[in-house]
Amino acid sequence: MNAVSVTAAVVLPPFLLAAVVLSVWKTARGLPARQWRQPRWWVFPAVLLVAAGCVTWFIGTFSSGFDARETCLERGFDYDDAYRRDPAQGFPLHHWCNADQDLVPAFVNPSLLTIAVALLGCAAGSAAAAVVGRKKGEERV
């Protein structure tokens, strides 16, 4: 491992955790204060959604372990090579053992879709707050 990799491995996780904690705090603190009327507030819920999406994607992607055949057999499922996952497929996530059993938990794909829609909602909320703020600013002048 080179120095950059070690530095990234040591510094990045606490930095990401701090960003998530800050986003939780700013989101929770901003709701009663109606800060959602400001476009910049929408960044914090978006950070939380991205973090939740990354965790959910990680759970789904690595649900089969390193060897899908071995994981299927450990869980008592028959393994059929005909249902092997295409590595290029990003969504929906599936690690089929056979025609009936999937190693990816049932909540992963709906959660990823919900998070994507909520991120679009954050973008729309930010745009709406910017438009409303601009119109209020024009009315004052």
Side-chain angles (χ1 to χ4, degrees), residues 1-140:
M1 252 186 170
N2 62 17
V4 173
S5 297
V6 170
T7 304
V10 171
V11 173
L12 198 57
F15 176 73
L16 293 174
L17 182 62
V20 169
V21 168
L22 175 70
S23 293
V24 167
W25 181 67
K26 293 288 253 181
T27 300
R29 189 170 159 239
L31 283 173
R34 296 182 183 252
Q35 290 182 351
W36 46 268
R37 294 179 179 176
Q38 300 172 357
R40 67 175 180 254
W41 179 82
W42 290 93
V43 169
F44 301 112
V47 167
L48 295 176
L49 288 168
V50 168
C54 288
V55 169
T56 305
W57 179 83
F58 187 83
I59 288 169
T61 299
F62 295 106
S63 61
S64 69
F66 291 114
D67 186 10
R69 176 188 306 267
E70 184 178 318
T71 305
C72 289
L73 296 176
E74 284 176 2
R75 294 187 185 177
F77 303 141
D78 295 329
Y79 183 78
D80 187 359
D81 259 346
Y83 294 97
R84 191 168 55 101
R85 179 178 183 250
D86 179 18
Q89 180 185 1
F91 185 81
L93 294 175
H94 291 292
H95 292 292
W96 294 103
C97 290
N98 52 45
D100 299 323
Q101 279 89 22
D102 188 5
L103 294 175
V104 174
F107 71 89
V108 169
N109 289 318
S111 296
L112 289 174
L113 189 58
T114 302
I115 288 168
V117 169
L119 279 170
L120 289 174
C122 283
S126 179
V131 168
V132 169
R134 175 174 275 173
K135 286 190 178 193
K136 283 185 179 180
E138 290 174 358
E139 288 174 3
R140 290 182 192 160

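Dense packing is recorded around CG of N98, with more than 12 heavy atoms of other residues, nucleotides or ligands lying under 6.0 Å away.
The two residues Q38 and W42 have their closest heavy-atom pair at O-CD1, 3.6 Å. Here the shortest heavy-atom pairing between A51 and V20 reads CB-CG2, 3.7 Å. Here the closest non-hydrogen pair linking K26 and W41 is O-NE1, 3.4 Å. P39 approaches A129 most closely through the heavy-atom pair N-CB, 3.8 Å. Between G60 and V104, the shortest heavy-atom contact is O-CG2, 3.5 Å. Counting all heavy atoms, side chain and backbone alike, C122 lies closest to P45 at SG-CB, 4.0 Å.
Taken from CG in L22 to OG1 in T27, the straight-line distance is 8.5 Å, to the nearest 0.5 Å. Atom OG1 in T56 sits 10.0 Å away from atom CG in L93 (nearest 0.5 Å). If you take SG on C97 and CZ on F77, they are separated by 6.0 Å, rounding to the nearest 0.5 Å.
Partner of L49 under the side-chain contact (heavy atoms from CB on, under 4.5 Å) criterion, out of T114, L119, V117: L119 alone.
Side-chain atoms of S23 come within 3.5 Å of backbone atoms of A19 as a donor-acceptor pair (strictly under, hydrogens ignored). Using a distance-only test at 3.5 Å, with no hydrogens or angles considered, a donor-acceptor pair links the side chain of H95 to the main chain of T61.
Between I59 and V55, some side-chain heavy-atom pair lies under the 4.5 Å cut-off.
The aromatic rings of F62 and F58 are tilted relative to each other, their planes meeting at an angle between 30° and 60°.
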